[in-house]
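A quick write-up on the structure given underneath.
Here the structure is a predicted model, which is why all the values come from computation and not from measurement. Below, all heavy atoms of this structure are taken into account, side chains as well, without hydrogens, waters or symmetry copies.
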Amino acid sequence: IKQPLLVVQGRKDQLVTTSSANYLMENVGSKVKELVWFDHSEHCVLLDQELESVIETTLGYLNRVLT
């Protein structure tokens with residue numbers, strides 16, 4: 001992966017380990033990459049209680065990358 005990358009993960013995720021997100025960040029070839037943790041969310045951060053923060057984070061990332 002060489003394109004800009006945003007990884008969002010819930011700290012309470014029981015399907016994907018936290019080490020997976022760290023591995024991704026350490027091993028992708030993207031020059032622009034961000035990892036954002038959501039402390040109160042599980043696996044489906046888009047369906048969890050921090051949805052508004054996920055949306056704000058995503059839009060902010062896109063704004064920074066695309067401008």
Could you tell me whether Gln3 atom CD has more than 12 heavy atoms of other residues or ligands within 6.0 Å of it?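 No, CD of Gln3 has 12 or fewer neighbouring heavy atoms, counting only those of other groups under 6.0 Å.
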
What residue pairs, at least two apart or across chains, pass salt bridge (Lys or Arg N to Asp or Glu O under 4.0 Å) with a residue in residues 2-11?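 Salt bridge (Lys or Arg N to Asp or Glu O under 4.0 Å) check on residues 2-11 returns Arg11-Asp39.
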
Partners meeting side chain to side chain donor-acceptor pair (under 3.5 Å) with [X] (sequence neighbours left out):
{"X": "Asn63", "result": "none"}
{"X": "Glu50", "result": "Ser41"}
{"X": "His40", "result": "none"}
{"X": "Asp48", "result": "none"}

In this structure, would [X] and [Y] fall into the same cluster of hydrophobic residues linked by side-chain contacts under 4.5 Å?
{"X": "Leu6", "Y": "Ile55", "answer": "yes"}
{"X": "Leu51", "Y": "Val36", "answer": "yes"}
{"X": "Val45", "Y": "Leu15", "answer": "no"}

Nearest heavy-atom pair of Val32 and Tyr61: which atoms, and what distance?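 Residues Val32 and Tyr61, closest heavy atoms: O-OH, 3.6 Å.
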
Return each pair, listed once, that meets side-chain hydrogen bond (donor to acceptor under 3.5 Å, both in side chains) where at least one residue sits in residues 14-23; pairs must be two or more places apart or across chains.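 Counting only pairs at least two positions apart or across chains, the side-chain hydrogen bond (donor to acceptor under 3.5 Å, both in side chains) contacts touching residues 14-23 are Thr17-Ser19, Thr17-Ser20.
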
For residues 26-36, pull every pair meeting side-chain hydrogen bond (donor to acceptor under 3.5 Å, both in side chains), keeping only residues two or more places apart or in separate chains.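 Residue pairs passing side-chain hydrogen bond (donor to acceptor under 3.5 Å, both in side chains), neighbours aside: Glu34-Arg64.
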
When Ile, Leu, Val, Met, Phe, Trp and Tyr are grouped by side-chain heavy atoms lying under 4.5 Å apart, directly or through other members, which residues fall in the same group as Leu24?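 ILVMFWY cluster around Leu24 also holds Ile1, Leu5, Val7, Met25, Val28, Leu35, Trp37.
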
Return the set of residues passing side chain to side chain contact (heavy atoms under 4.5 Å, CB included) with Leu47 (not counting sequence neighbours), or none when no residue passes.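 Checked Leu47 against side chain to side chain contact (heavy atoms under 4.5 Å, CB included); matches are Cys44.
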
Tell me, please, which residues at least two apart from Glu56 pass salt bridge (Lys or Arg N to Asp or Glu O under 4.0 Å).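 Salt bridge (Lys or Arg N to Asp or Glu O under 4.0 Å) list for Glu56, sorted by chain: empty.
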
